[in-house]
Colleague: 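Sharing a structure here in structure tokens format.
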Amino acid sequence: MTYDVFFLEGDDGQPVGLATVSRDISERKRVEEALRESEERFASFMRHLPGFAWIKDTDGRYVFLNETIEKSLQIPREKMLGATDRDIFDARSAAQFQTNDAEALASEGGITAVETPMQIDGKQHQLLVNKFPIKDAKGARTGVGGVAIDVTERVEAQTKLQEALDSLRLADRSKDEFL
């Protein structure tokens with residue numbers, strides 16, 4: 001309960017009494033607590049997500065990113081929030097991200113793509129990316145969200161396996177020709 005107290009004045013401006021108004025704010029407190037718990041669950045989920053997760057506004061500025069991005073890029077979160085891809089990545093990577101962001105923002109259900117940014121280790125990475133429009137309660141598009149998994153090691157392993165298989169086939173054919 002909250003109480004508001006008002007002084008009542010007579011025609012001469014002198015106090016003649018007090019009035020109080022009480023309001024039950026227990027529902028508001030319950031809603032605020034539920035929102036706080038929801039935000040804590042979301043933050044915990046994002047901390048433990050092994051992939052990258054982010055939200056950008058319609059101008060392409062980062063408004064949310066998870067710790068995995070910060071650790072991978074070795075750029076402090078404070079430096080990335082409010083920045084655009086052009087502020088953070090090389091021109092080719094930034095252009096690729098922006099093109100896919102625009103496509104995702106224009107779509108109803110989002111897009112899946114493979115993006116190939118150059119990362120701090122000097123290596124071109126391959127990211128399996130899902131991007132989707134973020135909408136407000138009225139359905140207006142307010143930004144683009146995304147999640148990505150770095151599949152670079154998997155692609156490299158598949159390439160080496162294919163090369164080994166091709167080499168075995170070539171050796172097998174050479175053996176048959178020799179005999």
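These numbers come from the heavy atoms of this one structure, side chains and all, not from hydrogens, waters or symmetry mates.
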Colleague: Would you mind listing every salt bridge (charged side-chain N to carboxylate O under 4.0 Å, His left out) that reaches into residues 87-101, with sequence neighbours excluded?
Modeller: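 Salt bridge (charged side-chain N to carboxylate O under 4.0 Å, His left out) check on residues 87-101 returns Lys56-Asp101, Asp101-Lys131.
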Colleague: Quick one: do Ile69 and Val129 end up in the same hydrophobic cluster if we chain Ile, Leu, Val, Met, Phe, Trp and Tyr together by side-chain heavy atoms under 4.5 Å apart?
Modeller: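 Ile69 clusters together with Val129.
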Colleague: We want to know whether Glu115 and Asn100 form a side-chain donor-acceptor pair, criterion being a heavy-atom distance below 3.5 angstrom.
Modeller: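 A pair is found: one side chain offers a donor N or O, the other an acceptor, under 3.5 Å apart.
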Colleague: Could you give the distance from OG (Ser38) to CD (Glu33), rounded to the nearest 0.5 Å?
Modeller: 11.5 Å
Colleague: Is Thr20 reaching over with its side chain to a backbone N or O of Phe6, donor-acceptor style, under 3.5 angstrom?
Modeller: no
Colleague: Nearest 0.5 Å, please: how far is NZ in Lys79 from CD1 in Ile75?
Modeller: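 The NZ atom of Lys79 is 7.0 Å from CD1 of Ile75, to the nearest 0.5 Å.
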Colleague: Hydrophobic cluster mates of Val31, side-chain heavy atoms under 4.5 angstrom, ILVMFWY only, any path?
Modeller: none
Colleague: More than 12 foreign heavy atoms under 6.0 Å from CZ of Arg36: is that the case here?
Modeller: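 More than 12 within 6.0 Å, yes.
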Colleague: Roughly how far, to the nearest 0.5 Å, is the CD atom of Gln126 from the CD atom of Gln124?
Modeller: 7.0 Å
Colleague: Supply the atom-to-atom distance Asn66 CG to Ile55 CD1, rounded to the nearest 0.5 angstrom.
Modeller: 10.5 Å
Colleague: What's the shortest heavy-atom distance between Asp59 and Thr84, and which atoms?
Modeller: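 Here Asp59 and Thr84 meet closest at O-CG2, 4.1 Å.
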Colleague: With a 4.5 Å cut-off on side-chain heavy-atom distances among I, L, V, M, F, W and Y, is there a chain of contacts connecting Phe64 to Ile134?
Modeller: yes
Colleague: If you round to the nearest 0.5 Å, how far is CG of Leu127 from OG of Ser72?
Modeller: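 Going from OG on Ser72 over to CG on Leu127, the span is 8.0 Å.
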Colleague: Do any N or O atoms from the side chain of Asp136 and from the backbone of Lys138 form a donor-acceptor pair under 3.5 angstrom?
Modeller: yes
Colleague: Above 12 or not: heavy atoms from other molecules or residues under 6.0 Å from CG of Asp12?
Modeller: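 Yes.
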Colleague: Give a yes or no on whether Phe52 and Met80 share a hydrophobic cluster (residues Ile, Leu, Val, Met, Phe, Trp, Tyr; joining criterion: side-chain heavy atoms under 4.5 Å apart).
Modeller: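 Yes, same cluster.
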Colleague: May I ask you to decide if Ala95's main-chain N or O and Thr99's side chain share a donor-acceptor pair within less than 3.5 Å?
Modeller: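 Looks like yes, one N/O pair under 3.5 Å.
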Colleague: Give the other cluster members for Leu35, using side-chain heavy-atom distances under 4.5 Å between Ile, Leu, Val, Met, Phe, Trp and Tyr residues; answer none if it is isolated.
Modeller: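 Reading the cluster by chain and number, Leu35 sits alone, since nothing else belongs.
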Colleague: Can you pull out every side-chain hydrogen bond (donor to acceptor under 3.5 Å, both in side chains) where at least one residue sits in residues 105-114? Sequence neighbours excluded, please.
Modeller: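 Listed by first then second residue: Glu108-Lys135, Glu108-Arg141, Thr112-Asn130.
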Colleague: Which heavy atom of Ala104 sits nearest to which heavy atom of Pro133, and what is that distance?
Modeller: O-CD, 3.3 Å
Colleague: Flag yes if Ile111 and Val114 sit in one hydrophobic cluster, no otherwise; membership is Ile, Leu, Val, Met, Phe, Trp, Tyr, and two members link when side-chain heavy atoms are under 4.5 Å apart.
Modeller: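 Cluster IDs for Ile111 and Val114 differ.
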Colleague: Please check if any side-chain donor atom of Asp85 sits under 3.5 Å from a side-chain acceptor atom of Tyr62, or the reverse.
Modeller: yes
Colleague: Which other residues belong to the hydrophobic cluster containing Leu161, where Ile, Leu, Val, Met, Phe, Trp and Tyr are joined when side-chain heavy atoms lie under 4.5 Å apart, directly or via other members?
Modeller: Leu165
Colleague: Looking only at non-hydrogen atoms, find the nearest pair between Gly10 and Val16 and report the distance.
Modeller: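 Here Gly10 and Val16 meet closest at N-CG1, 3.7 Å.
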Colleague: Listing request: all ring pair (Phe, Tyr, Trp, His ring centres under 6.0 Å) pairs with a residue in residues 92-113, at least two apart in sequence or in separate chains.
Modeller: Phe89-Phe97
Colleague: Could you tell me whether the side chain of Arg77 and the main chain of Leu65 form a donor-acceptor pair under 3.5 Å?
Modeller: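 Looks like yes, one N/O pair under 3.5 Å.
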Colleague: Ignoring hydrogens, what is the shortest heavy-atom contact between Glu27 and Arg30? Give both atom names and the distance.
Modeller: OE2-NH2, 2.7 Å
Colleague: May I ask whether Ile88 and Trp54 are part of the same hydrophobic cluster, defined by side-chain heavy atoms of I, L, V, M, F, W, Y residues being less than 4.5 angstrom apart, directly or through others?
Modeller: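 Cluster IDs for Ile88 and Trp54 match.
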Colleague: Check whether any side-chain heavy atom of Arg47 sits under 4.5 Å from a side-chain heavy atom of Thr68, and report yes or no.
Modeller: no
Colleague: What is the minimum heavy-atom distance between Ile149 and Gly51, and which atoms define it?
Modeller: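 Heavy atoms of Ile149 and Gly51 come nearest at CD1-CA, 3.7 Å.
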